[in-house]
Every structure is written in structure tokens, then in C-alpha cells.
Visitor: 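I am attaching a structure below and will ask some questions about it afterwards.
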Amino acid sequence: MEENFRDSIGTIAEDGKRAWVFPKKPSGRFFKYRKYVSYVLLFVLIASPFVKINGNQFLLFNVLERRFNIFGFPFWPQDFHLVVVSMLAGVIFVALFTVAYGRIFCGWMCPQTIFMEMVFRRIEYWIDGDRGAQMRLDRSPWNGKKIRKRVLKWIIFFIISFLIANVFLAYLIGSDKLIRYIFDGPLAHMGTMIPLLIFTAVFYFVFAWFREQVCIIACPYGRLQGVLLDDKSIVVAYDHKRGEGDSGRKKFRKNEDRDALGHGDCIDCFQCVNVCPTGIDIRNGTQLECVNCTACIDECDHIMDSIQKPRGLIRYASEDEINKKTKFKFTARMKGYTAVLFILTGVLIGMLFLRNELEANILRLPGQLYERKANNDISNVYTYKLVNKTSKDVDSVSFKLLSHKGKIKMVSQDTFKVPAEEIAEGTLFIEINSSALTGDKDKLKIGVYNGEKLIETTTTQFLAPRSYH
């Protein structure tokens, strides 16, 4: 028989139209574990923008104002190098996780899967019924019953999409601002309300119509796994050795000696196909559409129990384990990814510990040369910028020269305050006697003090005439 199961996507019919997937309601031990994991992750996802640590939102990604909080730590554009290192570590972690355990992230931790399978799909089961009832409802004419069910489902889907969009907005603009906007009313902030409705429409489109197509068509991770998986990766796999036997799979018949006839344990019941949320047949091997959700494992275990066969016909296993009976090993490829991950993690932790809560930049004013003063003093003019990365004001801030004997003169007051999560900018003059200079371009070290406490150091250049040296 010609094998063509890898030639097309299972959710596209032969005529090119969408083949709608009506998965059977899953149940079983893995589904129970997935529910627990999903509920915890849903709680974390919804609560994160509203939880604060030391006055900082737990997670904030305010791209417009360039303010970011990760696990309660505030990050600024000046910390972009930390973001790059953390993203590299994240990519390596995903690669290592995929090489070892396949696409398990998609089935257990991905927000798209969690919302689709644990929220929207369960509402659909409650309103439309299980797989058979949904298929009959889809084929039925638009009568009163169908209209009521569809309208109720669409309204609930829209409300949940609107709530998700609000949570998403809290990540972008901050939960405090979102709550204030809610109390002010939508008409007072139409510039925010319109994007919120757009986000709502996107989420509604994804969960009400696009659905599993996100995992199959839109998500780049599905494509990435194709180059990361190998025969040693643990995936949701069908044990074809046991399932097919010598004579292939066959429908179950009571009191038939399948072993004597050479048939495998697979009874061709198609329950693993019916329960799959992406509509694939796992017996055709690892496929792009498989998100390792384990629904087929639970369903197959139910069938094996009913025909008194051992569980595990479909299970977490590698191709080598099925074909060669070899156990999982930590390969050289995995060790390489692990080593890189440890190095990047160490670098990131070191950078976080070395990161100052108040960052100072002092630069010479562009286009300005030095100025000669009395008693052979040389003066340069500078602009300063202090970034307070904390949620508390820093009072009584002042500058002192650490590397040279000289004076720092502020254009305004000698001490000033840097507000919480704000930037303080201004102008200052530095005067140094020519006898204390070693060249026409000296490197100055300047200390930033909070009262008498040194909290930051920075460097800048000091220009002087060549004739003095």
C-alpha cells in the first residue's frame, strides 16, 4: 500500500478545505496530571501581572515605555545585554528539552494548548457534548437548538477572550494602570480600549476558529522540532513492533487467539485518532502535528485494559527503545547543550549580581572644548544621566572625583533626588589643575554617592591642551 500519511496536513481535506477536528473528550492518568499542571500555570499566568515584589510587578513587558520586570527585578534598556543572554539561555534550554523529551512543552505548558484544551474545549464539551454530539450538531440544519448552542458558546468564548486580553494588557502597560483605566471607564481611555478590542478579536479568532492550526501552521517550534529530534529523543510513540505483530493489526474478536494468528495488540479501534486534538494517527510515527499531549496514551491504555492486554502500546519512548530495546541515554549532543546552558546561566547570574540598582552615565557635552581657568585650572562641561532601577527614591545623590584631585560643580544644586524607576538628568562642570593631568585626554573615575555611601562608579574623559604636558 502506498504510504501518503506524511504528504499533507491532517486538518486539510483533499479538496483543500479545512477539515474540522472533533476530538473525543480525553480522560485518564496523564490527562489528570495535565489538568493539575494546567491549573497551576493558568494561575501563574493570570496572577503574575498583579503580584508585586518590593513594589515591582512580578512580570512586566512595557515595550512602549521600555520598562521590564522579570520575577520582580526591574530591567531597563541599559540592561539589554542581560535580556540577550537570558534569551540565548532560553533558546538553548528549549533545544536541550526538545532533543531529550520532544515536544512535551507544547502539550503540557504552552499557553495556547492550556487555554484551548483546558478552558475553551471544556466549555465546548459542556455546551455541545462529546465528539459524536458535536459532529451531529455540525451536520444538523440551523434550527433553534443549534442557534442557541452556537450563540451561547460564542458569547462565552468572547467574554473569556476579553478577559485574556485584559490580562495580556496588564503585562504590557502594568496592572496598576489597567485597574485605573477600568475604574475610569472605557470612554476615558479609548486609545487603550481599541487595542484591547483588537487583542480580544485575535484571541477569539485563535480559540474559536484557528485552534490547532496555530500549532501546525503558525508556531515555529513545530518546525524546529523536526531538526532537533532524533531516534534517541523521548516522544509519544506507538510501539509498532508490539502493535503490528507479524500479520499486522486486526479488529478485536472475542475468544480469538491473536498471538497464534500473528496479529499485534493494536485492534484498529481508531480511538487514538478520535481523541487527538490535532487529528493525526500516532501509529504513522512522529509527525509535525503531534504536540505530545498524551491523550492517545490514555485512550489506548483504556482499550488495552478492556481487552486484557498490558498498557503501553502507545507511551513515552524513543524510536531506539522501540526498535532496539535500548534505554534512554544522555548523548554527547545533550551534554553539549547542557554545558552551553550552564555557562550561559552562570554568566547571567554573575551579571545579575554585578548589576547596579542605580546606573550612572557622564559624558562630555558634544561640541564643547575645554576652558582655561585661573591658576592653570582646566574645566570641562558634562551631561549626566542617572537611572534608578528600584521602586524607591534615592535621596541626597552627589558626585565626587575619585581618580584626580579636582572639583565637580553642579549647574543646579549639589545634591539631588533620583525618583523611583525614573531618570535624573543634568549638567555639571569638572575643574582640574593642569599639574594633576598626565595628558591631553585623561580618564576620570567618578563616584556616585547616596549621602556618604558610594553606590556607583563611572568613568569619562577629560580634555586638556597639549601645551601643558
Visitor: May I ask you to say whether Arg333 pairs ionically with Asp230, meaning some side-chain N is under 4.0 Å from a carboxylate O?
Guide: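 A salt bridge links Arg333 with Asp230.
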Visitor: Tyr449 and Phe399: ring pair (Phe, Tyr, Trp, His ring centres under 6.0 Å), yes or no, with the steps?
Guide: CA-CA 6 Å; Tyr449 286 79; Phe399 298 106; 9.5 Å; no
Visitor: Shortest non-hydrogen contact from Glu289 to Thr278?
Guide: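 Distance-wise, the nearest heavy atoms are O-OG1, 3.2 Å.
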Visitor: For Ser435 and Asn433, run side chain to side chain donor-acceptor pair (under 3.5 Å): C-alpha distance rounded to whole Å, both residues' side-chain angles, the deciding distance at 0.1 Å, then the answer.
Guide: CA-CA 5 Å; Ser435 61; Asn433 192 272; 2.7 Å; yes
Visitor: Applying ring pair (Phe, Tyr, Trp, His ring centres under 6.0 Å), name anything that partners Phe105, two or more places apart in sequence or on another chain.
Guide: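 None.
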Visitor: Mind checking side chain to side chain donor-acceptor pair (under 3.5 Å) for Arg131 and listing every partner two or more places apart, or none if nothing turns up?
Guide: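 Expected list: Asn274.
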Visitor: State which residues pass ring pair (Phe, Tyr, Trp, His ring centres under 6.0 Å) with Phe429; sequence neighbours excluded, sorted by chain then number.
Guide: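 Result, ring pair (Phe, Tyr, Trp, His ring centres under 6.0 Å) vs Phe429: none returned.
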Visitor: Measure the CZ-CG distance between Phe68 and Asn62 for me, rounded to the nearest 0.5 Å.
Guide: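 Rounded to the nearest 0.5 Å, the CZ-CG separation comes out at 7.5 Å.
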Visitor: Under the salt bridge (charged side-chain N to carboxylate O under 4.0 Å, His left out) rule, what pairs show up with a residue in residues 206-217, not counting sequence neighbours?
Guide: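 For residues 206-217, and leaving out neighbouring residues, the salt bridge (charged side-chain N to carboxylate O under 4.0 Å, His left out) pairs sorted by first residue read Arg18-Glu212, Glu124-Arg211.
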Visitor: Would you say Leu344 and Met87 make side-chain contact, with heavy atoms under 4.5 Å?
Guide: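 Not touching, per the 4.5 Å side-chain cut-off.
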Visitor: Can you tell if the side chain of Arg364 reaches within under 4.5 Å of the side chain of Asn380, non-hydrogen atoms only?
Guide: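 A side-chain contact exists here, since the closest heavy-atom pair is under 4.5 Å.
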Visitor: Give a yes or no on whether a salt bridge exists between Asp128 and Lys153, defined as a side-chain N under 4.0 angstrom from a carboxylate O.
Guide: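 Yes, this pair counts.
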Visitor: Looking at Asp393 and Lys417, is any side-chain nitrogen of the basic one under 4.0 Å from a carboxylate oxygen of the acidic one?
Guide: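 Salt bridge between Lys417 and Asp393, a charged N being under 4.0 Å from a carboxylate O: yes.
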Visitor: Quick one: pull up CG in Leu352 and CZ in Phe73 and give me the separation to the nearest 0.5 Å.
Guide: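 Going from CG on Leu352 over to CZ on Phe73, the span is 7.0 Å.
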Visitor: With side-chain contact (heavy atoms from CB on, under 4.5 Å) as the test, would you mind laying out the steps for Leu229 and Thr286 before giving the verdict?
Guide: CA-CA 10 Å; Leu229 295 182; Thr286 302; 4.0 Å; yes
Visitor: Partners of Tyr221 by side chain to side chain donor-acceptor pair (under 3.5 Å), sequence neighbours excluded?
Guide: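 Counting only residues at least two positions away or on another chain, Tyr221 forms a side chain to side chain donor-acceptor pair (under 3.5 Å) with Thr98.
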Visitor: Just do the side-chain contact (heavy atoms from CB on, under 4.5 Å) check on Phe416 and Val418 with the steps written out, would you?
Guide: CA-CA 7 Å; Phe416 55 95; Val418 185; 3.9 Å; yes
Visitor: So does Leu59 get a backbone contact from the side chain of Gln57, meaning a donor-acceptor N/O pair under 3.5 Å?
Guide: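 Yes: the side chain of Gln57 pairs with the backbone of Leu59.
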Visitor: Does this structure show an ion pair linking Arg311 with Asp298, if we count only N-O contacts that are shorter than 4.0 Å?
Guide: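 No, Arg311 and Asp298 are not salt-bridged.
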Visitor: For Lys177, check side chain to side chain donor-acceptor pair (under 3.5 Å) against everything at least two apart and list the hits.
Guide: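 Lys177: side chain to side chain donor-acceptor pair (under 3.5 Å) contacts with Glu65.
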Visitor: Does any non-hydrogen side-chain atom of Ile127 lie less than 4.5 Å from one of Ile123?
Guide: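 Yes, close enough: below the 4.5 Å cut-off.
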Visitor: Check whether any side-chain N or O of Ser318 sits under 3.5 Å from a backbone N or O of Glu321 as a donor-acceptor pair, and report yes or no.
Guide: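 Yes, because the side chain of Ser318 sits within donor-acceptor range (under 3.5 Å) of the backbone of Glu321.
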Visitor: Before giving the answer on side chain to side chain donor-acceptor pair (under 3.5 Å), spell out for Asn56 and Asn69 the whole-Å C-alpha distance, their side-chain angles and the decisive distance to 0.1 Å.
Guide: CA-CA 7 Å; Asn56 295 316; Asn69 292 344; 4.6 Å; no
Visitor: Using salt bridge (charged side-chain N to carboxylate O under 4.0 Å, His left out) as the criterion, list what pairs up with Arg66, not counting sequence neighbours.
Guide: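 Residues passing salt bridge (charged side-chain N to carboxylate O under 4.0 Å, His left out) with Arg66: none at all.
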Visitor: Specify whether Phe97 and Phe93 have parallel, tilted or perpendicular ring planes, treating 30° as the upper limit for parallel and 60° as the lower limit for perpendicular.
Guide: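 Answer is parallel, since the angle falls under 30°.
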Visitor: As a test of understanding, state which of Phe120, Phe205, Phe207, Phe115 forms a ring pair (Phe, Tyr, Trp, His ring centres under 6.0 Å) with Phe157.
Guide: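 Going through Phe120, Phe205, Phe207, Phe115 one by one, the ring pair (Phe, Tyr, Trp, His ring centres under 6.0 Å) with Phe157 is satisfied by Phe120 alone.
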Visitor: Counting only pairs under 3.5 Å, give me each side-chain donor-acceptor contact of residues 401-414, with atom names and distances, residues two or more places apart or in other chains.
Guide:
unit_1	atom_1	unit_2	atom_2	d
Ser403	OG	Lys445	N	2.8
His404	NE2	Asp442	OD2	3.1
Lys409	NZ	Glu431	OE2	3.4
Gln413	NE2	Thr415	O	3.4

Visitor: Are Asp138 and Trp20 packed together at the side-chain level, in the sense that at least one heavy-atom pair is separated by less than 4.5 angstrom?
Guide: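 No, every pair of side-chain atoms sits at 4.5 Å or beyond.
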Visitor: If every non-hydrogen atom of Ala420 is compared with every non-hydrogen atom of Asn388, which pair is closest and at what distance?
Guide: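 Heavy atoms of Ala420 and Asn388 come nearest at CA-ND2, 3.5 Å.
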Visitor: Restricting to pairs with a member in residues 79-96, which pass salt bridge (charged side-chain N to carboxylate O under 4.0 Å, His left out), not counting sequence neighbours?
Guide: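 Pairs touching residues 79-96 that pass the test: Asp79-Arg355, Asp79-Lys389.
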Visitor: Are Cys290 and Ile280 packed together at the side-chain level, in the sense that at least one heavy-atom pair is separated by less than 4.5 angstrom?
Guide: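 Counting from C-beta outward, Cys290 and Ile280 do come under 4.5 Å.
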Visitor: Start with the C-alpha distance between Thr427 and Val381, add both sets of side-chain angles, then the distance that settles side-chain contact (heavy atoms from CB on, under 4.5 Å), and finish with yes or no.
Guide: CA-CA 7 Å; Thr427 307; Val381 61; 3.6 Å; yes
Visitor: Less than 4.5 Å apart, any side-chain heavy atom of Cys215 and any of Phe210?
Guide: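 When only atoms from C-beta onward are counted, Phe210 and Cys215 do not touch, as no gap falls below 4.5 Å.
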Visitor: Donor-acceptor check, side chain of Ser175 to backbone of Pro49, threshold 3.5 angstrom: yes or no?
Guide: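 Checked: pair present.
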Visitor: Excluding sequence neighbours, so at least two apart, what forms side chain to side chain donor-acceptor pair (under 3.5 Å) with Asp281?
Guide: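 Checked Asp281 against side chain to side chain donor-acceptor pair (under 3.5 Å); matches are Arg283.
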Visitor: Set out, in order, the CA-CA distance, both residues' side-chain angles and the distance that settles side-chain contact (heavy atoms from CB on, under 4.5 Å) for Leu341 and Leu96, then state yes or no.
Guide: CA-CA 9 Å; Leu341 181 61; Leu96 172 62; 4.1 Å; yes
Visitor: So how far is it from Gln287 CD to Arg103 CZ, rounded to the nearest 0.5 Å?
Guide: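 One gets 11.5 Å once the value is rounded to the nearest 0.5 Å.
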Visitor: Decide salt bridge (charged side-chain N to carboxylate O under 4.0 Å, His left out) for Lys400 and Glu452; before the verdict, give the C-alpha distance in whole Å, the side-chain angles of both, and the deciding distance to 0.1 Å.
Guide: CA-CA 11 Å; Lys400 293 181 183 178; Glu452 296 299 321; 3.8 Å; yes
Visitor: List the atom pairs, with distances to 0.1 Å, where a side-chain N or O of residues 178-204 and a protein N or O form a donor-acceptor pair under 3.5 Å, not counting sequence neighbours.
Guide:
unit_1	atom_1	unit_2	atom_2	d
Asp184	OD2	His189	NE2	2.9
Thr200	OG1	Leu196	O	2.8

Visitor: Check whether any side-chain heavy atom of Thr457 lies under 4.5 Å from a side-chain heavy atom of Ile446, and answer yes or no.
Guide: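 No; the side chains remain at least 4.5 Å from each other.
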Visitor: Tell me, please, whether Phe462 has Lys443 positioned over its six-membered ring: NZ or CZ under 6.0 Å from the ring centre and within 45 degrees of its axis?
Guide: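 No, cation not above the ring by the 6.0 Å, 45° rule.
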Visitor: Please, which pairs that meet ring-ring contact (aromatic ring centres under 6.0 Å, His included) have at least one residue in residues 34-58, sequence neighbours excluded?
Guide: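 Applying ring-ring contact (aromatic ring centres under 6.0 Å, His included) to every pair that reaches into residues 34-58, excluding sequence neighbours, yields Phe58-Phe71.
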Visitor: To the nearest 0.5 Å, how far apart are OG1 in Thr383 and CG in Asn361?
Guide: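 Answer for the OG1-CG pair, Thr383 versus Asn361, is 9.0 Å.
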Visitor: What's the separation between atom CD1 in Ile282 and atom CG in Asn292, rounded to the nearest 0.5 Å?
Guide: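 Answer for the CD1-CG pair, Ile282 versus Asn292, is 7.5 Å.
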Visitor: In a check of side-chain contact (heavy atoms from CB on, under 4.5 Å) between Arg34 and each of Glu117, Arg29, Met109, which one passes?
Guide: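 One option only clears the test, and that one is Glu117.
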Visitor: For residues Leu386 and Val397, determine if any side-chain heavy atom of one lies less than 4.5 Å from a side-chain heavy atom of the other.
Guide: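 Contact flag for Leu386/Val397 side chains = yes.
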Visitor: To the nearest 0.5 Å, what is the distance between OG1 (Thr113) and CG (Leu41)?
Guide: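 Those atoms lie 11.0 Å apart.
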